[in-house]
A.B. asks: 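What follows is a single structure, and I will ask about it in a moment.
Below, each value reflects all heavy atoms present in this structure, side chains not excepted, and no hydrogens, waters or symmetry copies.
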Amino acid sequence: MHGLMGTEEVHYARCRRWWNHPVTEIRLPGHGNEEEIPAHPAAAAVDRVREAIRGQLDAPIVVGLSYLGAAVAFRAAENASARAPGNAPDAVAGVVMSGYSFLLSPGTLDRWLVGFTSMAARQRATRDHFAHLHGDTWERLLTATFDELSDGCLRLPGLDDLRDLEVPVQLVNGALLQNERNAIVPAAAGGADVAVVAGAGHVVPMDAPRVFAASVEEFADRVDAGRTAFHERLRAGERAADRSPAGSAAGGEAHV
């Protein structure tokens, strides 16, 4: 099962024909036709995702797009895995983040959001594009996101968070944006599985839906088989422990 977040009718509609696993689509608060925007949309979104996680029979793969959706997916998984170790109803099997960089500072995102708002004020086509992607209340949603970045309610996951998360993570970015290409190598070094999709920009599920769906499902299969970078890191740690003097003394034999 995959949990998908965003404006599902826009961001993930093209993927629907390609899914082979059951999918639960989760709309982020304030997106689409939801006119009510909570004071803290990210916190409300994390709660919404965790509620959906608890409703699954099996631990799901949670998928989040762009800096809000990917951060929400990560934080929901972080909370769930901390509260429910193992394959418990509250746990997740893995996280897929797309259109994201673990290197991005909140200040950079702030500047981007200011630029988007300014551009939309001058260009009707840009306003229409943002409304299509996020819904008619996108300006209020961006303002609320500004506030959450400032007050710490929304904290973008960095490389230290990635290393500490106790579930597999995959980063799927488009090849057309330099910032997101540059994010791939550090994410891999931090323990994530990574994929770069040719011909796709920031919104990979829209630009390359078949490839995106295949990448997510292939990752889910490898999670089930224990063949992700996360699982290999665990095995490497176990091998290192076995080779240590303490491990040798505990598991070895004494010879005279």
A.B. asks: How far does CD of Gln56 sit from CD1 of Ile61, to the nearest 0.5 angstrom?
C.D. replies: 12.0 Å

A.B. asks: Less than 4.5 Å apart, side chain to side chain, heavy atoms only: is that true for Arg75 and Asp161?
C.D. replies: yes

A.B. asks: Over all heavy atoms of both residues, which pair between Val62 and Ala73 is shortest? Give the atoms and the distance, please.
C.D. replies: CG1-CB, 3.8 Å

A.B. asks: List the atom pairs, with distances to 0.1 Å, where a side-chain N or O of residues 183-204 and a protein N or O form a donor-acceptor pair under 3.5 Å, not counting sequence neighbours.
C.D. replies:
unit_1 : atom_1 : unit_2 : atom_2 : d
Asp193 : OD1    : Ala229 : N      : 2.9
Asp193 : OD2    : Arg222 : NH1    : 2.5
Asp193 : OD2    : Arg222 : NH2    : 3.1
His202 : ND1    : Glu180 : OE2    : 2.6
His202 : NE2    : Ser66  : OG     : 2.8

A.B. asks: If you group Ile, Leu, Val, Met, Phe, Trp and Tyr by side-chain heavy-atom gaps below 4.5 Å, do Val95 and Leu159 land in one group?
C.D. replies: yes

A.B. asks: Just wondering, do Leu156 and Tyr100 contact through their side chains at under 4.5 Å, heavy atoms?
C.D. replies: yes

A.B. asks: Could you go through Glu78 and Val46, starting from their C-alpha distance and side-chain angles, then the distance that decides it, and tell me whether this counts as side-chain contact (heavy atoms from CB on, under 4.5 Å)?
C.D. replies: CA-CA 10 Å; Glu78 184 179 55; Val46 170; over 6 Å; no

A.B. asks: Please check if the number of heavy atoms outside Glu232 that lie under 6.0 Å from its CD is greater than 12.
C.D. replies: yes

A.B. asks: Return the OG to CZ distance between Ser101 and Arg181, rounded to the nearest 0.5 Å.
C.D. replies: 12.5 Å

A.B. asks: Check whether more than 12 heavy atoms from other residues, nucleotides or ligands sit under 6.0 Å from atom CZ of Arg227, and answer yes or no.
C.D. replies: no

A.B. asks: Step by step, work out the salt bridge (Lys or Arg N to Asp or Glu O under 4.0 Å) result for Asp160 and Arg163.
C.D. replies: CA-CA 5 Å; Asp160 288 341; Arg163 296 184 188 100; 2.9 Å; yes

A.B. asks: Through direct or indirect side-chain contacts below 4.5 angstrom among Ile, Leu, Val, Met, Phe, Trp and Tyr, which residues connect to Leu177?
C.D. replies: none

A.B. asks: So, do Arg54 and Glu51 sit near enough that their side-chain heavy atoms are less than 4.5 Å apart?
C.D. replies: yes

A.B. asks: Would you find a donor on one side and an acceptor on the other, under 3.5 Å apart, between the side chain of Arg50 and the backbone of Ala76?
C.D. replies: no

A.B. asks: Given salt bridge (Lys or Arg N to Asp or Glu O under 4.0 Å), test Arg235 with Glu238 step by step and report yes or no.
C.D. replies: CA-CA 5 Å; Arg235 286 190 287 268; Glu238 292 169 356; over 6 Å; no

A.B. asks: Using side-chain heavy atoms (C-beta onward) and a distance below 4.5 Å, is Leu103 in contact with Asn182?
C.D. replies: no

A.B. asks: Less than 4.5 Å apart, any side-chain heavy atom of Pro60 and any of Ile53?
C.D. replies: yes

A.B. asks: Any side-chain heavy atom of Val63 sitting closer than 4.5 Å to one from Phe219?
C.D. replies: no

A.B. asks: Please find the pair of heavy atoms, one from Gly99 and one from Asn173, that lie closest to each other, and give the distance.
C.D. replies: N-OD1, 2.9 Å

A.B. asks: Are Leu104 and Val72 joined in one hydrophobic group, where the rule is that I, L, V, M, F, W and Y side chains link up if heavy atoms are under 4.5 Å apart?
C.D. replies: yes

A.B. asks: As an exercise, state the distance from NE2 of His21 to CG of Asp58, rounded to the nearest 0.5 Å.
C.D. replies: 10.5 Å

A.B. asks: Under 4.5 Å between side-chain heavy atoms, hopping through other hydrophobics if needed: is there a path connecting Val211 to Leu176?
C.D. replies: no

A.B. asks: Output, in order, the C-alpha distance, side-chain angles, deciding distance and verdict of side-chain contact (heavy atoms from CB on, under 4.5 Å) for Tyr12 and Leu65.
C.D. replies: CA-CA 10 Å; Tyr12 298 107; Leu65 172 65; 3.3 Å; yes

A.B. asks: Please examine the side chains of Arg14 and Phe212, heavy atoms only from C-beta on, and report whether any two atoms are closer than 4.5 Å.
C.D. replies: no

A.B. asks: Heavy atoms only: give me the nearest Trp18-Ala213 pair and the separation to one decimal.
C.D. replies: CB-CB, 3.7 Å

A.B. asks: I'd like to know whether Phe230 forms a side-chain contact (heavy atoms from CB on, under 4.5 Å) with Val169, so could you lay out the CA-CA distance, the side-chain angles of the two residues, the decisive distance to 0.1 Å, and finally the verdict.
C.D. replies: CA-CA 8 Å; Phe230 171 80; Val169 174; over 6 Å; no

A.B. asks: Is the number of heavy atoms from other residues, nucleotides or ligands under 6.0 Å of Arg233 CZ greater than 12?
C.D. replies: yes

